[in-house]
J.: 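Before I ask anything, let me first share the structure, which is written out below as C-alpha cells.
On a predicted model such as this, the values are computed, not experimentally measured, just so you know. When reading the values below, keep in mind they use all heavy atoms of this one structure, side chains included, and skip hydrogens, waters and symmetry mates.
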Amino acid sequence: MKLLAKPIDAMVVFRAGNGQPRPYKFKIEENGEKITVFVDQIIYSHKSRVCGAENILYECQSTINGQERRFELKYFCSRCEWQLYKM
C-alpha cells in the first residue's frame, strides 16, 4: 500500500453503546474524476495516541472501479477529520 495521508469527505455511522465512528462511504479523486467509495468491509480498527492526539486507524476493503482493493482510513478524534491514509 502507498502512503497518501490525503484529507477526505466521509460519511460515518455511530453505533449505540460504543460511540466509535464507523466509516460508511467517502469521496476521492481518481484519474481526474470524483468517485464515491462505499466501505464494504472493515477488517480491523485500532485506537492509538500520537503526540498526545488520539486517532483511530481502520483497515478496510471495497470494490473500486471493479477491483477489490484494501486501504486504510484514519480518524483524528480531536479535530474530527478523516484521511485516506494508505491505498
J.: Residues two or more places apart in sequence or in another chain: which of them pass side chain to side chain donor-acceptor pair (under 3.5 Å) with Q67?
T.: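 For Q67, no residue satisfies side chain to side chain donor-acceptor pair (under 3.5 Å) once neighbours in sequence are set aside.
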J.: Could you tell me which non-hydrogen atom of S45 sits nearest to which non-hydrogen atom of Q20, and how far apart they are?
T.: OG-NE2, 3.5 Å
J.: Under 6.0 Å from the CE atom of M11, do we count more than 12 heavy atoms belonging to anything else shown?
T.: no
J.: Taking salt bridge (charged side-chain N to carboxylate O under 4.0 Å, His left out) as the cut-off, I'd like each qualifying pair that reaches into residues 4-26, sequence neighbours left out, listed once.
T.: none
J.: Restricting to side chain to side chain contact (heavy atoms under 4.5 Å, CB included), what partner residues turn up for E54, sequence neighbours left out?
T.: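 For E54 the side chain to side chain contact (heavy atoms under 4.5 Å, CB included) partners, ignoring immediate neighbours, are K47, R49, C77.
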J.: Using the test ring pair (Phe, Tyr, Trp, His ring centres under 6.0 Å), find all partners of Y24 that sit at least two apart in sequence or belong to another chain.
T.: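 Checked Y24 against ring pair (Phe, Tyr, Trp, His ring centres under 6.0 Å); matches are F38.
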J.: So which pairs with a foot in residues 71-80 pass salt bridge (charged side-chain N to carboxylate O under 4.0 Å, His left out), sequence neighbours left out?
T.: R79-E81
J.: Tell me, please, which residues at least two apart from N65 pass side chain to side chain donor-acceptor pair (under 3.5 Å).
T.: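 Side chain to side chain donor-acceptor pair (under 3.5 Å) check on N65 returns E30.
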J.: My understanding is that only residues two or more places apart in sequence, or in another chain, count here; which of them pass side chain to side chain donor-acceptor pair (under 3.5 Å) with S48?
T.: N55
J.: What residues, two or more places apart in sequence or in another chain, satisfy side chain to side chain donor-acceptor pair (under 3.5 Å) together with T63?
T.: E68
J.: Is there any salt bridge (charged side-chain N to carboxylate O under 4.0 Å, His left out) pair reaching into residues 31-44, and which pairs are they, with sequence neighbours excluded?
T.: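 Every pair satisfying salt bridge (charged side-chain N to carboxylate O under 4.0 Å, His left out) with a residue in residues 31-44: there are none.
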J.: Quick check for you: to the nearest 0.5 Å, what is the distance between E59 atom CD and K86 atom NZ?
T.: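 Rounded to the nearest 0.5 Å, the CD-NZ separation comes to 8.5 Å.
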J.: Taking ILVMFWY side chains as joined if any heavy atoms are under 4.5 angstrom apart, and letting links pass through other members, which residues group with Y75?
T.: L4, I8, V12, F14, F26, I28, I35, V37, V39, I42, I56, Y58, I64, F71, L73, W82, L84, M87
